Amino acid sequence: MQHIINRFISYITIDTESDPNSDTTPSTKKQWDLANKLVDELKAIGMSDVSIDENAYIMATLPSNVDHDVPTIGFISHFDTSPDFTGANVSPQIIENYDGKDIVLNKEKNIVLSPSYFDDLLQYKGQTLITTDGTTLLGADDKAGITEIITAMEYLINNPQIKHGTIKVGFTPDEEIGRGAHKFDVDKFGADWAYTMDGSQIGELEYENFNAAGAKIKVQGKIVHPGYAKGKMVNSMYYATEFINALPRLETPEHTEGYQGFFHLTKIEGKVEETSLQYIIRDHDKEKFEARKSLMEKIVNDLNSKFESDIFSIELKDQYYNMKEKVEPEMHIVDIAEEAMKSLGIKPLIKPIRGGTDGSQLSYMGLPCPNIFAGGHNFHGRYEYVPVESMLKAVEVICKIAELTAKKYK
């Protein structure tokens, strides 16, 4: 257990926050710090064909140890962390034999991780948890996945009695800003299918995700001296509230679950002369997804008509699509992962992702790529934690998938 803890902590204490406002790949130079470390580790454990390209995409190979043809499978994780919350100076806490009570993350700031609010904690009573100190995120999304993949490869290398075909490993930058697969070379990777180790709680197995788009609404006002503003000033901030209130109030993240889609206002920047609103749009159903985008365009047009002026404008951009369309024709790859979990005493939790992974884009690039749990909870914030036992189980799942694939194609 200590080995995987040490490896995980060595990754999360390196700041790899990505930046959506950057046009480089990776979006931040500091992502190279961990990327180069991962290359060294892959070489140190004995992986073959270890490479890193000019955009920090890492690939490596574990050669087959059987004498029959087996499909090449891959395991993929991302090394950036979310810009939603700081990932600098992560100071993890290790809670051994968790007693099911409140965990004080930061006594000075009265920050508490409590099962009364995060009831999933109670699943892990008696286990070892790694938490934050309340001032940063943890980085289990997705450094837990990287830890698990490297640990699994190391285990397979050290235990050649476990038979497997060729396994490819891939680590990507900038997943958290929706660009993790943009420059991923699927042909170079050379896998028939892959799995992202990027899910949450133990047992998660996902092959459906949101269709996703971003929207930017600009509201144009007119600034004049407030003492002489009657009939002349147009305060764009007031007009922006007209757009906000025109969207369905309960179709937001805090009011939806399961397959329900939403509109999510992520940012407002405003002054009298101009206000901008940034939204993300999400829905599992493609028709409903398109309808959501159409509704936003209709509201813009209706408001411009109401005020008899082109005050509002909208820019819509699709981000990724539901991988279900690409994975369902290859359901045997989900079946293998489900069988692996069951054989290890893990109850598979097959459900839609209320988000996206590199796998969604990779599936549309010709690499079917379901998502498997990495073990963490409460991603992107100060209350993030991961049970070490879940990470160890993820390592076992990776090894079992490799073993089952070799057996099934014998």
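Quantities reported herein were computed from a predicted structural model and do not represent experimental measurements.
Side-chain N/O atoms of Asp358 and Thr196 include no donor and acceptor closer than 3.5 Å. Looking at Thr151 and Glu148, their side chains never bring a donor and an acceptor atom within 3.5 Å of each other. Between the side chains of Ser51 and Lys188, at least one donor-acceptor pair of N or O atoms lies under 3.5 Å. For the residue pair Asn301 and Glu297, no side-chain donor N or O sits within less than 3.5 Å of a side-chain acceptor on the partner. A donor-acceptor pair shorter than 3.5 Å cannot be found between the side chains of Glu108 and Asn106. A donor-acceptor pair shorter than 3.5 Å cannot be found between the side chains of Tyr239 and Gln220. Side chains of Asp174 and Ser18: no donor on one and acceptor on the other come within 3.5 Å. For the residue pair Thr16 / Lys143, a side-chain donor-acceptor distance below 3.5 Å is found, with atom types taken as modelled. A donor and an acceptor atom, one from each side chain of Arg179 and Thr172, are nowhere located under 3.5 Å apart. Judged purely by distance below 3.5 Å, without hydrogens or angles, the side chains of Ser22 and Ser27 never pair a donor atom with an acceptor atom.
With values rounded to the nearest 0.5 angstrom, His164 atom NE2 is found 13.0 Å from Ile398 atom CD1. Rounded to the nearest 0.5 angstrom, Leu34 CG and Ile12 CD1 are separated by 11.0 Å. Expressed to the nearest 0.5 Å, how far CD of Glu41 lies from CG of Asn36 amounts to 12.0 Å.
The shortest side-chain heavy-atom distance between Pro173 and Phe79 falls under the 4.5 Å cut-off. Residues Ile336 and Tyr195 form a side-chain contact, since some pair of their non-hydrogen atoms from C-beta on lies under 4.5 Å apart. Looking at Pro92 and Leu138, their side chains come closer than 4.5 Å, going by heavy atoms from C-beta outward.
For the salt bridge (Lys or Arg N to Asp or Glu O under 4.0 Å) condition, no pair includes a residue of residues 112-135, sequence neighbours left out.
Seen from the ring of Tyr321, Lys286 counts as a face-on cation partner, given the 6.0 Å and 45° thresholds.
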*What do the steps show when you test Tyr124 against His377 for ring pair (Phe, Tyr, Trp, His ring centres under 6.0 Å), and what is the final call?*
CA-CA 11 Å; Tyr124 306 110; His377 288 258; 5.3 Å; yes

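Glu339 has no carboxylate O lying under 4.0 Å from a charged side-chain N of Lys342, or vice versa, which leaves the two without a salt bridge. Ion pairing of Glu389 with Lys393 is absent here, as no side-chain N (NZ or NE/NH1/NH2) approaches a carboxylate O to less than 4.0 Å. Classification of Asp53 and Lys183 as a salt-bridged pair fails, no side-chain N sitting under 4.0 Å from a carboxylate O. Ionic pairing of Lys351 and Glu206 is present here: one or more N-O contacts between side-chain nitrogen and carboxylate oxygen are shorter than 4.0 angstrom. Using a 4.0 Å cut-off between charged side-chain N and carboxylate O, Lys306 and Asp302 make no salt bridge. In this structure, Glu154 pairs ionically with Arg7, as a charged nitrogen and a carboxylate oxygen lie closer than 4.0 Å.
By the side chain to side chain contact (heavy atoms under 4.5 Å, CB included) test, His380 pairs with Ser82, Asp84, Asp141, Glu176, sequence neighbours left out.
Of the possible donor and acceptor atoms, one in the side chain of Gln260 sits under 3.5 Å from a partner among the backbone N and O of Glu257.
Residue Gln123 places its CD atom among more than 12 non-hydrogen atoms of other residues, nucleotides or ligands, all under 6.0 Å distant.
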Side-chain donor-acceptor contacts of residues 210-219 below 3.5 Å, not counting sequence neighbours, with atom names and distances?
| residue | atom | partner | partner atom | Å |
| --- | --- | --- | --- | --- |
| Asn211 | OD1 | Asn322 | N | 2.9 |
| Asn211 | ND2 | Asp283 | O | 3.1 |
| Asn211 | ND2 | His284 | O | 3.0 |

